[in-house]
Amino acid sequence: MSGAEFELPERYHGLREEAAALAASVAHLAAEADEADAIDPGMRAALAASGLAAVCVPAEYGGRYADIDPLAVAVVREQLAAESAHLDSLFAMQGIGSYALAGGGTPELRERWLPRVAALDAIAALGLTEPDIGSDLRGTATTVAEDGDELVVDGHKSFITNGGDADFYCLLGKEEAGLSMVLVPADTPGLTTTRPHQIIAPHVLGDVVLDGVRVPRSWRLGEPGKGMRLGLATLATFRVSVAAAAVGTAQAALKEATVHTANREQFGRPLIQLGAVADQLARSWTEIEMARAFTYRAAAAAARDPLGSLHLSSMAKVAATETAGRVVDRCVQVMGRFGLVRGSKIERLYRAARPMRVYEGATEVIFDSLSRKLVKELAT
């Protein structure tokens, strides 16, 4: 029923099976881990033992592939998100949090951290957003200043995934040349973390405060003032994987609803034989298959040319996350009161689906960007 073979090259089938096996092995941990605001040790141990975190790191530094493959990341995330949002985030953030380092760090810095990221010995995080800055990163208030052979970083990053649990942060800050990216280890003097916020689908989330933090100048990632390039490259590589996680979430919800309605009788017959229920489930299946096909296409394009395919990755992210929102809501509806039970899997899926339409590019922000590209290509 998954339709996962559609245009998926044979070389990814084994990877999909590995991810599915990992997800199944931690199913008993999912309910507790998905409510946690710190990294679940059982989930971390299982992901480390699986070796799948290496998918997020280049082979030169202990990774699975020569270059990070967006389709491989997507295949894994689809399977993990179907079981546990916590596990999916733990996996994905090893890549999202370290990509700027892989693309802009010195050889010494990459050698120091990336093998540990691949082995899950070190937890990575990316710090872009701030208390007053979300999608418009041009307003970044965090500052980076050179002082001899050091960089001095001051600022406040907010809503940072893995904040408080990460071993290092790739942080965006402004300096005279523009916006730059800097690597700051979590134990650097002057760096503190707090957890003032939590979201409806509990998440490892924290604020990172930097007060006169000093790191070697060589820990700037890439060229001065070119940090946005690394941020954009990260989005181009990993945004489409959010679509895959959304597909996995929707697929899991459809399974829950189908099993429930096929085994619960009302009016003398299984619920699934009621026309309105059958229509909702069949409509959901159809939309999931469309979202999966588009996601795989966009991920394959991103594997060939991440930046050149960013518009497709963005479309897939919107299409799949909006689909997941509709599908999970329908599934809750057809399950009736059993869809509303606190602590059930369908309830976890319902809450997990909602933030997907916001993080790594809210639907409205992505549509605004796509509309400008559309006008540029077709109306001029």
Side-chain angles (χ1 to χ4, degrees), residues 56-58 60-62 93-119 121-134 136-196 204-235:
C56 296
V57 172
E60 183 179 359
Y61 299 98
M93 283 308 303
Q94 289 300 91
I96 295 169
S98 69
Y99 192 79
L101 168 61
T106 63
E108 294 78 15
L109 205 56
R110 282 179 278 180
E111 188 60 50
R112 174 178 174 178
W113 286 108
L114 291 178
R116 295 181 62 198
V117 171
D121 288 336
I123 299 295
L126 176 66
L128 302 180
T129 60
E130 300 182 355
D132 297 318
I133 299 298
D136 186 7
L137 295 175
R138 292 171 298 181
T140 295
T142 297
T143 59
V144 179
E146 288 191 10
D147 184 12
D149 291 332
E150 294 183 319
L151 299 174
V152 183
V153 187
D154 288 281
H156 184 172
K157 295 298 181 179
S158 185
F159 280 83
I160 304 304
T161 301
N162 288 347
D165 278 16
D167 292 285
F168 68 89
Y169 300 89
C170 294
L171 301 170
L172 189 70
K174 64 179 181 181
E175 55 180 331
E176 290 184 9
L179 293 176
S180 297
M181 196 79 76
V182 180
L183 185 142
V184 181
D187 60 0
T188 305
L191 186 153
T192 58
T193 61
T194 62
R195 286 186 167 146
V204 183
L205 200 67
D207 280 21
V208 181
V209 179
L210 305 113
D211 183 8
V213 168
R214 289 178 174 268
V215 297
R217 190 168 61 180
S218 61
W219 290 8
R220 182 194 286 114
L221 304 176
E223 300 175 19
K226 304 299 182 183
M228 280 297 292
R229 291 184 182 178
L230 291 171
L232 188 61
T234 301
L235 282 178

Are the side chain of [X] and the backbone N or O of [Y] linked by a donor-acceptor pair below 3.5 Å?
| X | Y | value |
| --- | --- | --- |
| D154 | T143 | no |
| E130 | T142 | yes |
| S180 | G225 | yes |
| K157 | L172 | yes |
| R220 | G227 | no |

Note, [X] side chain near [Y] side chain (heavy atom, < 4.5 Å):
| X | Y | value |
| --- | --- | --- |
| Q94 | S98 | no |
| M228 | T140 | no |
| Y99 | L126 | no |
| T192 | D211 | no |
| R229 | L232 | no |
| F168 | V117 | yes |
| R195 | L205 | no |
| P185 | W219 | yes |

Working to the nearest 0.5 Å, report the span between [atom1] of [X] and [atom2] of [Y].
| X | Y | atom1 | atom2 | answer |
| --- | --- | --- | --- | --- |
| D136 | T129 | CG | OG1 | 13.0 Å |
| S158 | D132 | OG | CG | 9.0 Å |
| L151 | L183 | CG | CG | 11.0 Å |

For residues [X] and [Y], report the shortest heavy-atom separation together with the two atoms involved.
| X | Y | value |
| --- | --- | --- |
| L179 | R138 | CD1-CA, 4.4 Å |
| G105 | L221 | CA-CD2, 3.7 Å |
| I96 | T234 | O-CG2, 3.8 Å |
| A186 | Y169 | CB-CE1, 3.9 Å |

